[in-house]
Structures are given as structure tokens and as C-alpha cells.
Amino acid sequence: MASGAPARNGTEVQMSQLVLPCHTSHRGELSVGQLLKWIDTAACLSAEKHAGCPCVTASMDDIYFEHTISVGQVVNIKAKVNRAFNSSMEVGIQVSHEDLCSGRQWSVCKAYATFVAQDQANAKVKLKPLTPQTEEEKIEHSIAAERRRMRLAHKDTLKDLLNHSPHETAELETRDGSVVVPAEKTRVESVELVLPPHANHQGNTFGGQIMAWMENVATIAASRLCHAHPTLTTIEMFHFRGPSQVGDRLVLKAIVNNAFKNSMEVGVCAEAYGQEMVTSRRHINSAFMTFVVLDEEGRPRALPLVVPEPEDGERRYREASARKKIRLDRKYIVSCRQTEVPLSVPWDQSNKVYLSYNNVSALKTLVAKANWVLAREKEKVRMYTLEEDQFLSFRIEMTVRITAAQAFSLLSDLRRRPEWDSHYASAELVQQVDDDDMIYHVVSQTVSHENKPQDFVILASRRKPCDKGDPYVVAFRSVTLPTHPPSPGFSRGETLCSGFCIWPETEETSKVAYYNQATPGYLNYVTTNIVGLSSNFYSTFVACEKFLLKNKDDLILQLQDL
């Protein structure tokens, strides 16, 4: 039985499903295909609550499955719209399972789906904006724009990684005693007829149903490689290229692209056609699924090697290796908590999108916190603090007679920071990643306990507002760059999360706020300023205001010249 419940922003849908034998695989566990149908249903109901009209699934972000679910347990699904973008919206989904006998609950997965609202003529419908109410909703609303940016850049990330890797014919890795299986032997093709129970009230096939069929053929392909019952651990982003309707035939094709030591990637493709006599097929979906084979103790078993087919198979083989690296980078950077990873993550082509995402989302998360406390105020400069766990964060803000766009342009260039911040000795641009992300080598005036000046390698990510009411954002975090290793002449410092948010207040004024999540080495300096033993923060921000006012006219002239 499923139940719906309204939420604070009016879009939340809650579903509880009792897992019955008809929902399970041959191993007595809930089939992932069935779970995907439930997830898609809950997310679609949430999207339609906000849109007030039919919605279709446009994409589903990568899903990592943490636990399996057995017969007799309950699946709890919560779906809620995080943000609306013109005619599309992001829905956040949380899935857990519950043991009715013990009352214990476990997290199964967390996912983000994109839906498009459509009218009766299948034209896109412009959505009304969503106003978040709680701290959690404000954080998800803010970061949704950055997740959208990451989705759009996903294909380019893969392309860049492949362009920077060798182009020679795929070479098999060597594993002692491994069986070698031609990829062709894992190929699977199946046809499904779309019937009314598979479609919504407009006759379009449910996205969850298509995902379930794709998972089914992928499992068969994986089984043909390992001759065992594989377990699905990860689904790469589903992207729906077009709809299918009742009466369509869906051709589902799967093949093992690559097999690593303990995991394999299966590529799946879905094509649709309307009549038996029609030979042209519409490519409506592609996805990549990662499987493992577990032994009796629940540990991943070693897998056979795969020999790719010439040309197209070799391309898929190489792309699977690239996707594995991207998944590891993303999971390491995005999924882990900040306290579980080093502050400075190595930067390279494959992880640049996720480092940028993590950089901006960490700052937006800090900005959206609700428990900021005013610590001191001097004239028009206000200082707030936030204490949580092992972190002490602070924010300094003031109103300046300068437009938000001008302040954003001046503050996003770290090379100009020494002009107003006495803590900066120099800031050199060492790598222009793209138009919005730059890496700087910064030398600080601060001397470490080793009696050496500190230096930093900092990724600066800047973002213009996505919607009205959003701030301009300039986020900073430390990274590791091979061209700038630690030097004996400096003490290498790290910044966890810091940056500026700039909000327009009037046509001529803006609120400029600086945030910093202080690391242990910085705490003494921060707490000294908080208790009023130093006016360093105040004088630095006053200098910042003078810098902005002094240079805004020159900036206007430069922009006019362009």
C-alpha cells in the first residue's frame, strides 16, 4: 500500500511499500527494477504536485545502493521538489528500508531526478518558482543549481578525460589465473511491448518501467560474464532522450563493456519503434550499470577478464575505464563528509567538475545554515559565528555602494586581493580551468610555527545568479596541483571552505558577505578577533570597501569598452 503526505513546501510525497515475494529476484531480495519503479512513481507525484500538470522523467542522477531489501521488510520513499528551473525541476528522493519486527531502519540510496512539465500538446510548461522554508530545504534549493551544472557538464568531463588519455588500442590488464571472456558472449537483446499498465494517463511509458526493463537485461549480461548472480551497486545517470507510448516496442540491448578486478560495467541501450514493419528505431535511453559478485561472506569476488570487440567495443572498453575513474573521483570528493577526506584534493581533468561542484556547494551549504549568532558589530560591519561539531565558522558582512555585479567582478579575481587584504603577500593565477574556475598560488603574510611564510594552492569557483534572489558566489578551497608541490621555503596551508556571497540590495548597493569555515590552524586567529582583542577583521573589511569603491568606476569603463 502506498500513502501520500503533504510537506512544508507542499511537494513532499511519502510512500511505504511492503516487499512481497512478487517484488523479489531469484535470491529473495527486492529487485532493483521494482525499486526503480517505486522511486520514479514517488518522484513523479512530487513533481506533479508542484507543476499542477503531467510531468515526465528527463533524467535520474547516479544511484549508489547501500543495502539489499528482503521479503517482509518495508520500503519507505520520500520525494520532494528541491528547485524549479523554468520548465524543469529537480526532485530529491530518499529511500530507506524498515524491519517491522525490530523497528530498525537503514538507508538504501539517495537520488536526484529531473522532471519536465508538459501540457496536453506535449509542450513544455513554465514552472512557478519554489520557496524553501526550512534550513534543509534552503540548502537543497541552493545546491540544486550546482548539481544541474554538473549534470550538463558530465559528457564534457568524460570527453576531456578520454582526450587526455592514450588513444592506443585497449590493452587487457593482467590478472593471474583469470578466465578471459569475449564481450560478444555477454550481449543480450530483448523486446518489450508497452501496454496500458506500463504508461501514465497520457499514454507515455513510465520512466521507472523503462529503467526496470533496462536493469533486467543488464543483469542477464552481467550473469553471462561471471556465471553467477551479480549484485547491482551503481547506476550511472539515466538520460531520457525521447518518449515512448503505449503500443511501442522497446528493444533493450546490453553488453559488458569492461570488467575490473571486482566489478564490471554493463552498457544498456533502449530503442523504440511503433510498428513491426518499421525498421527505423528511436534511441530513447542509455545507461551504465556497475555489478559485483559477492561470495558467501559478502565480499566481492574476482571477475573474468573481458576482450572487447574491435573498434566500437574498444571505445566502450576505454570509456568504461574513464567512467570508473570519474565515479571514484566523484564519490571521493562529493559523497564523503569533509572530515573524512584530506582538505587538499588532487586536481586533474577527470575530477575538475566535481571539485568545482564541491567547492561551490560547500559554501552554499554554509551560507544556508540557520544558527548564525551576531558576535560583534562595529559601525556597518557585522561579524557572525557558527559553532558546530569541530568547526567554528564566521561570516562578515556589510553594505557597499556598488552593484552586485561590480563587486563580484572585483572580488572574484584573487590577483587583486593583496590590494586590500594585508594577509595576502601575492596571488598568482597558475591555471585557468574555464571561464568560472581558476587555480591560484597564494603567498600569505602570516608566518607559521615553523617561522616560514604560508602558501596555498586555491581553486576559486565563481557563479552568477541562477534565479532572481540568488547571490553572486565566489568559493575557495585548497587543491593539490602537481606543478606546485610544497616548497621548503614555505609552510603549505589549507583552506577548507571560504568565499564571498554578494546580494543586490538596490540598483546601486549590494550586501557583501565573506564566509570561512576555520581549520584548526586558523582557529587562534579567528577566536582572537571574535572576543575583541583585535580589530583586524574590521580593518580588513573597511579596506575591502575602499577597494571596491575606488575601482568600480574603472570597472564600468572597462565593461563599456568591451
Side-chain angles (χ1 to χ4, degrees), residues 2 4 11-13 15 32-63 65 77-95 109-120 122-127 130 144 147-148 150-152 154-155 192 194-218 234-246 248 250 252 268-272 282-289:
T11 69
E12 184 171 303
V13 170
M15 292 178 58
V32 175
Q34 180 63 60
L35 179 59
L36 289 171
K37 287 194 282 187
W38 288 341
I39 288 174
D40 183 64
T41 299
C44 186
L45 289 173
S46 175
E48 291 185 348
K49 267 191 170 186
H50 179 67
C53 63
C55 296
V56 296
T57 314
S59 67
M60 183 80 72
D61 284 10
D62 299 358
I63 305 176
F65 297 100
I77 303 174
K78 293 182 181 180
K80 182 165 58 178
V81 176
N82 290 329
R83 186 161 188 165
F85 302 95
N86 198 9
S87 61
S88 68
M89 70 195 93
E90 179 192 272
V91 180
I93 309 116
Q94 291 182 317
V95 183
C109 65
K110 186 174 183 179
Y112 298 96
T114 302
F115 283 82
V116 174
Q118 294 183 335
D119 59 20
Q120 293 182 348
N122 289 332
K124 292 182 179 180
V125 174
K126 186 173 182 179
L127 297 167
L130 185 79
R147 281 193 291 264
R148 181 171 181 258
M150 187 167 65
R151 290 179 198 115
L152 296 175
H154 180 76
K155 288 184 178 179
E192 299 284 352
V194 180
L195 300 173
H198 303 142
N200 62 18
H201 46 286
Q202 287 191 308
N204 292 323
T205 316
F206 286 120
Q209 180 62 67
I210 297 174
M211 290 188 278
W213 284 333
M214 293 175 73
E215 186 267 339
N216 186 48
V217 294
T234 306
I235 298 178
E236 188 98 357
M237 184 183 295
F238 281 102
H239 180 73
F240 291 89
R241 300 169 182 265
S244 63
Q245 291 82 30
V246 171
D248 277 348
L250 298 192
L252 304 142
V268 196
C269 170
E271 299 174 337
R282 309 187 310 274
H283 181 195
I284 63 170
N285 203 329
S286 291
F288 303 95
M289 303 186 185

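Just so it is clear, the model here is predicted, and its values are computed rather than measured. In what follows, every heavy atom counts, from backbone to side chain, and hydrogens, waters and symmetry copies are set aside.
- Residues meeting the salt bridge (Lys or Arg N to Asp or Glu O under 4.0 Å) test with Arg241, sequence neighbours left out: none.
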Between Val194 and Leu250, is a side-chain contact (heavy atoms from CB on, under 4.5 Å) present by the stated rule, with each step listed? CA-CA 7 Å; Val194 180; Leu250 298 192; 3.9 Å; yes

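- Applying the ring-ring contact (aromatic ring centres under 6.0 Å, His included) criterion to His239, with sequence neighbours excluded, gives no partner residue.
- Partners of Ser59 by side-chain hydrogen bond (donor to acceptor under 3.5 Å, both in side chains), not counting sequence neighbours, listed by chain and number: Thr114.
- Judged as a side-chain contact (heavy atoms from CB on, under 4.5 Å), and not counting sequence neighbours, the contacts of Ala287 are Met214, Phe238.
- Interatomic distance, OG of Ser244 versus NE2 of His198, reported as 11.0 Å (0.5 Å rounding).
- Using a 4.5 Å cut-off on side-chain heavy atoms (C-beta onward), Cys55 and Met89 make contact.
- Rounding to the nearest 0.5 angstrom, the gap separating the CD atom in Glu236 from the CG atom in Asp61 is 10.5 Å.
- Residues passing the side-chain contact (heavy atoms from CB on, under 4.5 Å) test with Cys44, sequence neighbours excluded: Glu48, Phe115.
- Residues meeting the side-chain hydrogen bond (donor to acceptor under 3.5 Å, both in side chains) test with Asp40, sequence neighbours left out: Thr57.
- Between Val56 and Pro243, the closest side-chain pair of non-hydrogen atoms is not below 4.5 Å.
- Under the side-chain contact (heavy atoms from CB on, under 4.5 Å) test applied with Leu252, the options Asn216, Asn285, Val217 reduce to a single match, Val217.
- In this structure, Asp248 and Ala272 approach most closely via the heavy-atom pair OD2-CB, 4.4 Å.
- Considering only heavy atoms from C-beta on, Thr234 stays 4.5 Å or farther from Ile63 through its side chain.
- The shortest distance between side-chain heavy atoms of Ile210 and Phe240 falls below 4.5 Å.
- At a threshold of 4.5 Å between non-hydrogen side-chain atoms, the residues Val125 and Ser87 do not count as touching.
- Annotation for Val81 and Thr11: closest pair N-OG1, 3.1 Å, computed over non-hydrogen atoms.
- Here Met211 contributes atom CE and Met60 contributes atom CE; the two are 4.0 Å apart, rounded to the nearest 0.5 Å.
- Residues satisfying the side-chain hydrogen bond (donor to acceptor under 3.5 Å, both in side chains) criterion with Thr41, sequence neighbours excluded, are absent altogether.
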Could you pull out every donor-acceptor pair under 3.5 Å between side chains of residues 32-39 and any protein atom, sequence neighbours left out?
none

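- Partners of Lys124 under the salt bridge (Lys or Arg N to Asp or Glu O under 4.0 Å) rule, at least two apart in sequence or in another chain, do not exist in this structure.
- Using a 4.5 Å heavy-atom threshold, the side chains of Cys109 and Gln94 count as separate.
- In this structure, Gln245 and Thr205 have side chains that are not in contact, with every pair of non-hydrogen atoms separated by 4.5 Å or more.
- Here Glu12 contributes atom CD and Leu45 contributes atom CG; the two are 12.5 Å apart, rounded to the nearest 0.5 Å.
- Applying the side-chain contact (heavy atoms from CB on, under 4.5 Å) criterion to Ala79, with sequence neighbours excluded, gives Ala42, Ser46, Val91, Ile93.
- Not counting sequence neighbours, the partners of Glu271 by the salt bridge (Lys or Arg N to Asp or Glu O under 4.0 Å) test are Lys253, Arg281.
- For the salt bridge (Lys or Arg N to Asp or Glu O under 4.0 Å) test, residues two or more places apart in sequence or in another chain that qualify with Glu90 are Arg147, Arg151.
- Using a 4.5 Å heavy-atom cutoff, the side chains of Val246 and Leu195 are not in contact.
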